[in-house]
Undergrad: 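Sending over a structure as structure tokens; questions will come in a sec.
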Amino acid sequence: MNILNSSNITTLEFDVLVIGGGGSGMRTSLELAKSGLKTAVVSKVFPTRSHTVSAQGGITCAIASADPQDDWRWHMYDTVKGSDYIGDQDAIEYMCSEGPKAVFELEHMGLPFSRTENGRIYQRPFGGQSKDFGKGGQAARTCAAADRTGHALLHTLYQNNVKEGSNFLNEWFAVDLVLNQLKEVTGVIAFSIESGEVAYLKSQATVLATGGAGRIYSSTTNALINTGDGLGMSLRAGIPAQDMEMWQFHPTGIYGAGSLVTEGCRGEGGYLINKDGERFMERYAPNAKDLAGRDVVARSMVLEILEGRGCGDEKDHVFLKLDHLGADVLNAKLPGICELSRTFAAVDPVYEPIPVVPTCHYMMGGTPTNIHGQAFKMSSSNDEYIPGLFSVGEAACVSVHGANRLGGNSLLDLVVFGRAAGIHINQAMKSGGGVADAGKDDIDKALHNLNILNESSSGYEVSTVKKELQEVMQNYFGVFRRGDYMEKGVAALNGIREKIENLHLIDKSAAFNTNRVEAIELQNLFEVAEATAISSLQRTESRGAHAREDYPDRDDENWLCHSLYDPTTKSLGKRHVNFEPSQVEAFPPKVRTY
Amino acid sequence: MTISINIYRYNPEKDKFPYMQSFEFEKPKRDIMVLELLNQLKEKDPTISYRRSCREGVCGSDGMNINGKNGLACITPLSSVIKKNKLDLRPLPGLPVVRDLVVDMTEFYAQYEKIKPFLQNDTPVDIGERLQSPEDRDKLDGLYECILCACCSTSCPSFWWNPDKFVGPAALLQAYRFIADSRDTKTAERLQSLSDPFSVYRCHGIMNCVSVCPKGLNPNEAIGEIKSMLLSNKKNQNIITSDKAG
């Protein structure tokens, strides 16, 4: 195989590149479709195969359908509290106040929302939702299309991109970022999975919309494609990642299979029971019970299991009880869950409870950005942007989820910030924004990793190293964490680093070579895992999803801040949390109970 | 006990012709999905190519021909398809093979785009959402859930024969999804665009689409609805024409 360099690969030139064809990427591209800017969506799968498709319960937003008095400020309060106070309040304010506009836009585009009797969008209760700033009881704020909201949303966005004539590079895989001498991002190296053709995709603005990386764990609700490709690329390029210790474990992954069972099940009245049939959440969260924050519910479940009250022969899971809701409600409101549970748990929820266990679900951390999607670099005091680089959706850390995301806020994040980034890029490009060209050496540098892989004649097998990595993360960086264990985990990762740099690409062919794709995906997973491990070890407190046995309390004095992982030194810095919303008073930190 | 798995192999750079490759596989103790079986085989032979993503039947990536019937590998239990300890895995029929179990879906997607798969309604909405009664919304059930896996269209002899002119069950189901949507105002135009002899009328009710749909949807019924709407349109037009003539 020839060594790839800047003179033997094609250059394709664009104004804007959107890497990733999920919800956030396609909302960005939709915004840009009418701009006249030459935009391409680069997606390693056909867009409707993206992981947004698996979102079930809904999109949380104060559209005041279930409750005409509902107020986006209440949603904001819940989100700030849910984040355990390290969500940026300017961003949360923007998301909650702009949310209704973004949701109504989706409806106008054709999203088949479920409806109320008066024809409005149906909303269901979700965890962590309240009325009147936590004082008015449970709210019902999650807009739903049965339990297939993600599917409906993703297809609607794809359909409208088709309508507007967006340009897609489907089944193209982005390998590495290209940076010029000014450290501006000038595009990516990518290859067509179908033909193997490698190209420099040159761009004035590159948007990472590559989603999460749940596959760093062996047990996850995430699709097989969730390998953190954008973060992998940016970490290799020396760009920092924020709050990487914050991983959400969803309370209800199907035991054994990992498939998600929506929180909407509990919103519709389902609840968790232990082996004695006890509704144990009443003990852990007397008010919100099964609809407490996800971190709280997941930890309670693990404690039940650790204390011997788990279900099954191994006592290693609990049950989600739904049968009391009746066949009619289950078939109308939760048809997808019934289907999944019959397929993957061999259980019909109309008659029997579903075996569930906390399962890695969502990456709260990511590339730090402002509300326009502009990515930040490491800097000592003030935030400084990286020209040419943007990030949106789960890949980004804007940060609206802080230390724990509320259910239904992820889909809202995608459409609100996808739209915001599109608007900003359009304006910036039209007022002369852009980046300088990259030189030959810069392009060759970005091809380096791909060349090494293509030239490998021996080394480690991708599938073996992947399993090893996932086991380390699962064992040492799970729901509960401990310093001495995590140190072992970090040491184990140091050992795996050598293997990651010496992978053997067994299949060298050009056409639809999934061995090559999986090798690079594994390298991306590793970068994300390492950032997670080091950030987790160094945040010496418990906050939101990050629960340490050796530091069980929240430490606002030292850690009311974002962590900022620097991949060049493998060290952890701190970044301020925004407490300056523009339309309301900031919500100050309080003890977080449900 | 071992089972024998035969996989369709074709790498355009190496193989003049496709061939079936046999793998002897230890029969798993618990029932596994066909996708998991493929993943385990790929660990042994990383050159096997297939698409997969969500692994739970909602993304539509891993449609393939499993012992003669199209289905999604990720939600097809091995026990439900294996016959005499033998399993044949082939790409979806009727589309060009890119490599192994991966087909070129260009024509399938082109038919989808042809039916204008997006809501059309030129009346602006001042504030909030368009209202829709739960009854009208119910009409979309069984239609909007399509995952574009192509299991139906590639099991349809009419689509094999005229993939460029017959829209095929998947895209026709989506055509009807928008016709049935009370918010869409372009029913007449949608029907008009399907009124030629090929787009919809090449469906002869063979029903393969219904028997293979992994989501339990019924494209045949939707096609029937379109046909009867076209027919009553034609009748109306005839009445109008004869009125004019009279």
Side-chain angles (χ1 to χ4, degrees), chain A residues 45-46 48-51 53-54 63 65 100 103-104 107-110 112-122 145-146 148 150-152 155-156 158-160 162-163 194 223-225 257-260 335-336 339-340 343-344 461-464 505-507 509-515 518, chain B residues 11-14 31 33 39 42-43 45-61 75 77 98-100 102 104-105 109 112-113 116-121 125 127-134 136-137 140-141 143-148 174 177-178 181 183-184 215-216:
Chain A
V45 292
F46 183 77
T48 63
R49 325 287 182 212
S50 307
H51 186 54
V53 82
S54 290
I63 60 161
S65 166
V103 169
F104 292 140
E107 195 283 328
H108 299 165
M109 288 180 212
F113 282 111
S114 301
R115 299 287 172 157
T116 62
E117 280 309 314
N118 56 13
R120 293 207 58 194
I121 294 171
Y122 169 74
R148 302 187 178 102
H151 169 278
H155 280 253
T156 301
Y158 180 67
Q159 291 161 353
N160 280 271
V162 168
K163 183 182 178 187
E194 185 178 330
L224 292 155
I225 59 168
S259 295
L260 172 69
E339 201 180 307
L340 274 176
T343 309
F344 287 104
E461 255 187 79
V462 174
S463 60
T464 319
L505 184 68
I506 293 167
D507 186 353
S509 55
F512 225 97
N513 183 339
T514 47
N515 188 212
E518 287 182 20
Chain B
N11 182 341
E13 292 155 76
K14 291 195 204 131
D31 200 10
M33 299 296 170
N39 291 342
K42 192 171 169 65
E43 286 177 13
D45 180 355
T47 67
I48 305 172
S49 285
Y50 50 94
R51 295 187 174 103
R52 84 286 181 278
S53 172
C54 77
R55 60 82 175 91
E56 58 189 20
V58 292
C59 80
S61 294
I75 53 169
V98 175
R99 172 174 174 174
D100 299 343
V102 177
D104 179 352
M105 295 178 72
Y109 295 135
Y112 177 65
E113 290 193 17
K116 300 196 173 167
F118 39 81
L119 191 84
Q120 297 182 78
N121 185 329
V125 197
I127 194 162
E129 69 269 51
R130 286 200 169 88
L131 299 182
Q132 184 174 46
S133 70
D136 279 340
R137 169 59 184 77
L140 307 182
D141 283 342
L143 306 172
Y144 83 95
E145 300 93 323
C146 173
I147 58 174
L148 299 178
Q174 290 317 295
R177 175 250 173 276
F178 288 100
D181 196 321
R183 300 170 295 173
D184 192 278
K215 304 307 284 181

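Every value quoted in this text rests on a predicted model; they were computed, and no experiment measured them. Just so we're on the same page: letters track the sequence lines, and every chain starts at 1. Hydrogens, waters and symmetry mates play no part in the numbers below; they use all other heavy atoms, side chains included.
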Undergrad: With a 4.5 angstrom heavy-atom cut-off, could you sort out which part of A:H151 is near chain B: side chain, backbone, both or neither?
TA: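 Only the side chain of A:H151 comes within 4.5 Å of chain B.
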Undergrad: Is B:E145 in contact with chain A via its backbone, its side chain, both, or neither, using a 4.5 Å heavy-atom distance?
TA: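 Answer is both: backbone and side chain atoms of B:E145 are under 4.5 Å from chain A.
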Undergrad: Can you check whether A:A510's main-chain N or O pairs, donor with acceptor, with B:E13's side chain at less than 3.5 Å?
TA: yes
Undergrad: Quick one: what part of A:I506 sits under 4.5 Å from any heavy atom of chain B, side chain, backbone, both or neither?
TA: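 The answer is the side chain of A:I506.
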Undergrad: Between B:S61, B:P12, B:S133, which residue shows the highest count of heavy-atom pairs closer than 4.5 Å to chain A?
TA: B:S61
Undergrad: If we define contacts as heavy-atom pairs under 4.5 Å, which of B:G128, B:G216, B:C54, B:G57 has the most with chain A?
TA: B:G128
Undergrad: Under a 4.5 Å cutoff for heavy-atom pairs, which residue among A:H155, A:H51, A:R115 has the most contacts with chain B?
TA: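 Top count of heavy-atom pairs under 4.5 Å with chain B: A:R115.
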Undergrad: Of all residues at least two apart in sequence or in a different chain, which pass the salt bridge (charged side-chain N to carboxylate O under 4.0 Å, His left out) check with B:R51?
TA: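 B:R51 satisfies salt bridge (charged side-chain N to carboxylate O under 4.0 Å, His left out) with A:E171 once adjacent residues are dropped.
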Undergrad: Are B:N11 and A:F512 close enough that some pair of their side-chain heavy atoms sits under 4.5 Å apart?
TA: no
Undergrad: Within the structure provided, determine whether A:R49 and B:L148 are in side-chain contact (heavy-atom separation under 4.5 Å).
TA: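 The answer is yes; the side chains approach within 4.5 Å.
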Undergrad: Over all heavy atoms of both residues, which pair between B:Y144 and A:A146 is shortest? Give the atoms and the distance, please.
TA: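 Scanning both residues, the minimum pair turns out to be OH-CB, 3.9 Å.
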Undergrad: By a 4.5 Å heavy-atom criterion (distance strictly below it), what part of B:Q132 contacts chain A: side chain, backbone, both, or neither?
TA: both
Undergrad: Given that the side chain runs from C-beta out, which part of A:L260 has a heavy atom under 4.5 Å from chain B: side chain, backbone, both or neither?
TA: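 For A:L260, the backbone is the part near chain B, not the side chain.
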Undergrad: Return yes if some donor-acceptor pair links the side-chain N/O of A:E107 with the main-chain N/O of B:R130 below 3.5 Å, else return no.
TA: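 Flag set: sc A:E107 to bb B:R130 pair under 3.5 Å.
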Undergrad: Can you tell me how far apart CD (B:E56) and OG (A:S54) are? Round to the nearest 0.5 Å.
TA: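 Interatomic distance, B:E56 CD to A:S54 OG, rounded to 0.5 Å: 4.0 Å.
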Undergrad: Of all the heavy-atom pairs spanning A:T343 and B:M33, show the shortest one and how long it is.
TA: O-CE, 3.5 Å
Undergrad: How long is the gap from CD1 on B:I147 to CZ on A:R148, to the nearest 0.5 Å?
TA: 10.5 Å
Undergrad: Most heavy-atom pairs under 4.5 angstrom with chain A, which of B:D100, B:L131, B:N121, B:N39?
TA: B:L131
Undergrad: Counting only heavy atoms closer than 4.5 Å, note whether A:T116 contacts chain B via side chain, backbone, both or neither.
TA: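 Backbone of A:T116 only, per the 4.5 Å heavy-atom cut-off to chain B.
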Undergrad: Which of the residues A:S259, A:S463, A:P112 is involved in the greatest number of heavy-atom pairs with chain B at under 4.5 angstrom?
TA: A:P112
Undergrad: Please state whether the side chain, the backbone, both or neither of B:R99 comes within less than 4.5 Å of a heavy atom of chain A.
TA: side chain
Undergrad: Give, as side chain, backbone, both or neither, the part of A:F46 having an atom under 4.5 angstrom from any heavy atom of chain B.
TA: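 Side chain only.
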Undergrad: Please classify the contact of B:V58 with chain A as side chain, backbone, both or neither, using a heavy-atom distance under 4.5 Å.
TA: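 Both parts, backbone and side chain.
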Undergrad: Could you check whether any side-chain heavy atom of B:R52 comes within less than 4.5 Å of a side-chain heavy atom of A:I225, counting everything from C-beta outward?
TA: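 The answer is yes, as the side chains (C-beta and beyond) meet within the 4.5 Å cut-off.
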Undergrad: Indicate yes or no: at least one non-hydrogen side-chain atom of B:C59 is less than 4.5 angstrom from one of A:V53.
TA: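 With C-beta onward as the side chain, the pair touches.
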Undergrad: Contact part of B:P46 toward chain A, heavy-atom cut-off under 4.5 Å: side chain, backbone, both or neither?
TA: both
Undergrad: Heavy-atom distance under 4.5 Å to chain A: side chain of B:Y50, backbone, both or neither?
TA: backbone
Undergrad: Looking only at non-hydrogen atoms, find the nearest pair between B:L119 and A:K163 and report the distance.
TA: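 In this case the closest contact between B:L119 and A:K163 is O-NZ, 3.9 Å.
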Undergrad: Can you tell me which portion of B:R183 sits under 4.5 Å from chain A's heavy atoms? Options are side chain, backbone, both or neither.
TA: side chain
Undergrad: So, for B:E129 and A:I121, which heavy atoms are closest and what is the spacing to 0.1 Å?
TA: OE2-N, 2.9 Å
Undergrad: Side chain, backbone, both or neither: which part of B:R137 has a non-hydrogen atom closer than 4.5 Å to chain A?
TA: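 For B:R137, the side chain is the part near chain A, not the backbone.
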Undergrad: Could you tell me which portion of B:K116 (side chain, backbone, both or neither) has an atom closer than 4.5 angstrom to a non-hydrogen atom of chain A?
TA: neither
Undergrad: Chain A heavy atoms under 4.5 Å from B:I48: which part of the residue, side chain, backbone, both or neither?
TA: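 The backbone, not the side chain.
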Undergrad: Could you have a look at A:A223, A:G150, A:G110, A:S65 and say which one has the most heavy-atom pairs with chain B under 4.5 angstrom?
TA: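 That would be A:G110.
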Undergrad: When only pairs under 4.5 Å are counted, which of B:R55, B:Q120, B:E43 shares the most heavy-atom pairs with chain A?
TA: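 The answer is B:R55.
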Undergrad: Is A:N118 in contact with chain B via its backbone, its side chain, both, or neither, using a 4.5 Å heavy-atom distance?
TA: backbone
